[in-house]
Amino acid sequence: MTTTDERVRTFRSLHDAGCFVVPNPWDAGSARALEQMGFKALATTSAGFAWTLGRSDNHVTLDQVLEHLRVVAATVSVPVNADFEGGFAVEPEAVAANVRSAASTGIAGLSIEDSTGDPFDPLHDFDLAVERVRAARRAIDESGSGIVLTGRSEGFVVGRPDIDETIRRLRAYAEAGADCLFAPRIASVEHVAAVVAAVSPKPVNLLVNAPFITVAEAAALGVRRISVGGTLARTAWAGFLQAAHEIADSGTFSHFEQLPNVDAMLRDR
C-alpha cells in the first residue's frame, strides 16, 4: 500500500500534463473495481455515497463523509480526491476547520463548491465564495498535507448557467489558491474551451455525465482531468431497478444472466 504522501505526489503530477479520467466510486467495492481496471486516481461522489445511506445528495453529515473518505482511501493504493461539497459550513473559518479534518483522512485532494442549497439564492456571494476557497487553501497549507484543492463554481448545476459569471468565479478561486478549477454541468465545446483558456495554466476538471464528448476530444481542448460524478452509481442503480421491477411486475428473472463474479473480483490475492 502506498503512503498518503506518495499518493499526493502522484495526484499532483497527474495534473502537470495530459488528460486523465478520475472515475467516481460510491463505496469501497466500486473503488477496488475501478483501481483494478487501471485508473490512476479516483474521486468520491457525494450523490453516490448519499444513496448508499438511503439519502439524497447533500444530506449526509460531516462525520459520515469523513469516515467514508477514510474507508475509500484505505481501500485503494491510488490517489483519492474527495467531493467535499461546500465544506460542510458557510463561514470561511469553519470551512477551514473541516478541510483540516478531511486532510487527515488519507485523501490526495478535495473540492470546495460555492452553492448554498437555497433555491432562491443558490450561490454564495462572490466575496464570501472567494474567502471560503482562500480559507481552504490556508487550511491545507497549515496541515502540511499538500493535497490538491479544487475550486468549483456551481452555476450550471443550480440554475444559474452564466458562463461569464462562472469564469469570473473560477479565476478568483484560482487567485485564492485553488490548484484545479471545475464548473460542473458545462456541456458544450465552446464553454469547455472558454473555461480552459480563462484559467490557464491552472488545470481544469470536466464533468462528463452524458455522452457529449470523448476523452480524446476533451484532451484536445486542454482539459486535464475528467470525472463522472454520480453517473457510474446511477448506472448501477439502473441495472438494479430494472431487475427488481421485472421481479415485482412480472415475476420473472431475465436480468439474472451474464452477471459478473463480483466475489472473485474482490477476493484478496
Side-chain angles (χ1 to χ4, degrees), residues 1-25 31 34-45 72-73 76-84 103 106-113 133 136-137 140-141 143-153 163 166-167 169-229 231-232:
M1 180 68 74
T2 55
T3 67
T4 298
D5 287 345
E6 289 172 330
R7 281 180 277 183
V8 170
R9 287 194 294 271
T10 297
F11 196 47
R12 283 196 165 275
S13 69
L14 288 170
H15 292 77
D16 290 340
C19 180
F20 68 101
V21 178
V22 53
N24 303 76
L34 291 168
E35 180 184 31
Q36 288 179 21
M37 294 177 196
F39 289 103
K40 298 177 181 179
L42 306 176
T44 64
T45 158
V72 174
V76 296
S77 297
V78 296
V80 174
N81 188 72
D83 179 346
F84 205 53
I107 59 172
L110 61 75
S111 58
I112 295 293
E113 59 192 53
V133 173
R137 172 80 274 154
I140 290 171
D141 292 344
S143 75
S145 64
I147 64 176
V148 175
L149 173 61
T150 298
R152 290 177 50 155
S153 188
I163 191 63
T166 296
I167 286 173
R169 286 174 175 255
L170 292 180
R171 281 176 168 163
Y173 301 162
E175 292 174 2
D179 301 300
C180 181
L181 290 312
F182 183 16
R185 300 282 179 89
I186 58 171
S188 73
V189 168
E190 293 76 17
H191 285 167
V192 174
V195 167
V196 170
V199 303
S200 179
K202 293 280 182 88
V204 168
N205 184 102
L206 175 65
L207 173 70
V208 178
N209 60 0
F212 79 97
I213 199 168
T214 66
V215 173
E217 290 166 346
L221 292 173
V223 170
R224 186 75 73 232
R225 192 175 87 191
I226 297 172
S227 59
V228 299
T231 309
L232 279 176

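Each residue takes its place number in the sequence, starting with 1.
- Residue pairs meeting the salt bridge (Lys or Arg N to Asp or Glu O under 4.0 Å) criterion with at least one partner in residues 199-212, sequence neighbours excluded, are absent.
- Every residue meeting the ring-ring contact (aromatic ring centres under 6.0 Å, His included) condition with Phe11, not counting sequence neighbours, appears here in chain and number order: His15.
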ask   = Step by step, would you call Asn24 with Leu232 a side chain to side chain contact (heavy atoms under 4.5 Å, CB included)?
value = CA-CA 7 Å; Asn24 303 76; Leu232 279 176; 5.7 Å; no
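- With values rounded to the nearest 0.5 angstrom, Leu207 atom CG is found 6.0 Å from Thr231 atom OG1.
- Taking Asn205 as the reference, Arg225, Ser227 meet the side-chain hydrogen bond (donor to acceptor under 3.5 Å, both in side chains) condition, with sequence neighbours excluded.
- Evaluation of the salt bridge (Lys or Arg N to Asp or Glu O under 4.0 Å) rule for Asp141 yields Arg137 as partners, not counting sequence neighbours.
- Looking at Thr166 and Arg185, their side chains never come closer than 4.5 Å, going by heavy atoms from C-beta outward.
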Open item on the list: Working note: Arg12 + Asp16, criterion side chain to side chain contact (heavy atoms under 4.5 Å, CB included); need CA distance, chi angles, decisive distance, verdict.
Closed with: CA-CA 7 Å; Arg12 283 196 165 275; Asp16 290 340; 5.8 Å; no
Side chain to side chain contact (heavy atoms under 4.5 Å, CB included) evaluation trace for Leu181 with Arg171: CA-CA 8 Å; Leu181 290 312; Arg171 281 176 168 163; over 6 Å; no
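- Annotation: side-chain hydrogen bond (donor to acceptor under 3.5 Å, both in side chains) contacts of Ser143 (sequence neighbours excluded): Ser145.
- The nearest pair of heavy atoms linking Arg152 to Pro184 is NH2-CG, 3.6 Å.
- Atom OH of Tyr173 and atom OG1 of Thr150 lie 13.0 Å apart (nearest 0.5 Å).
- Going from atom CD1 of Ile147 over to atom CG of Leu110 covers 4.0 Å, rounded to the nearest 0.5 Å.
- Take Glu6 and apply the side-chain hydrogen bond (donor to acceptor under 3.5 Å, both in side chains) test, not counting sequence neighbours, and it matches Thr3.
- Under the ring pair (Phe, Tyr, Trp, His ring centres under 6.0 Å) criterion, the residue pairs touching residues 187-208 are Phe156-His191, with sequence neighbours excluded.
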Taking it one step at a time, do Thr2 and Arg9 satisfy side chain to side chain contact (heavy atoms under 4.5 Å, CB included)?
CA-CA 11 Å; Thr2 55; Arg9 287 194 294 271; over 6 Å; no
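- When the side chain to side chain contact (heavy atoms under 4.5 Å, CB included) test is applied to Glu217, the partners found at least two apart in sequence or on another chain are Ile213, Thr214.
- Atom CG of Leu206 is separated from atom CZ of Phe212 by 4.5 Å, given to the nearest 0.5 angstrom.
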Could you list the donor-acceptor pairs under 3.5 angstrom formed between side-chain atoms of residues 193-201 and any protein atom two or more places apart in sequence or on another chain?
none

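- The nearest pair of heavy atoms linking Leu149 to Gly177 is CD2-O, 4.0 Å.
- Contacts of Val21 classified as side chain to side chain contact (heavy atoms under 4.5 Å, CB included), with partners at least two apart in sequence or in another chain: Pro23, Phe39, Val215, Ile226.
- The structure places OG1 of Thr45 at 11.5 Å from CG of Asn81, a figure rounded to the nearest 0.5 Å.
- For the residue pair Ser111 and Asp83, the shortest heavy atom distance occurs at OG-CA, 3.9 Å.
- Residues forming a salt bridge (Lys or Arg N to Asp or Glu O under 4.0 Å) with Arg224 (at least two apart in sequence, or on another chain): none.
- With values rounded to the nearest 0.5 angstrom, Leu42 atom CG is found 5.5 Å from Leu34 atom CG.
- Across every non-hydrogen atom of Ala178 and Gly151, the tightest pair is CB-N, 3.7 Å.
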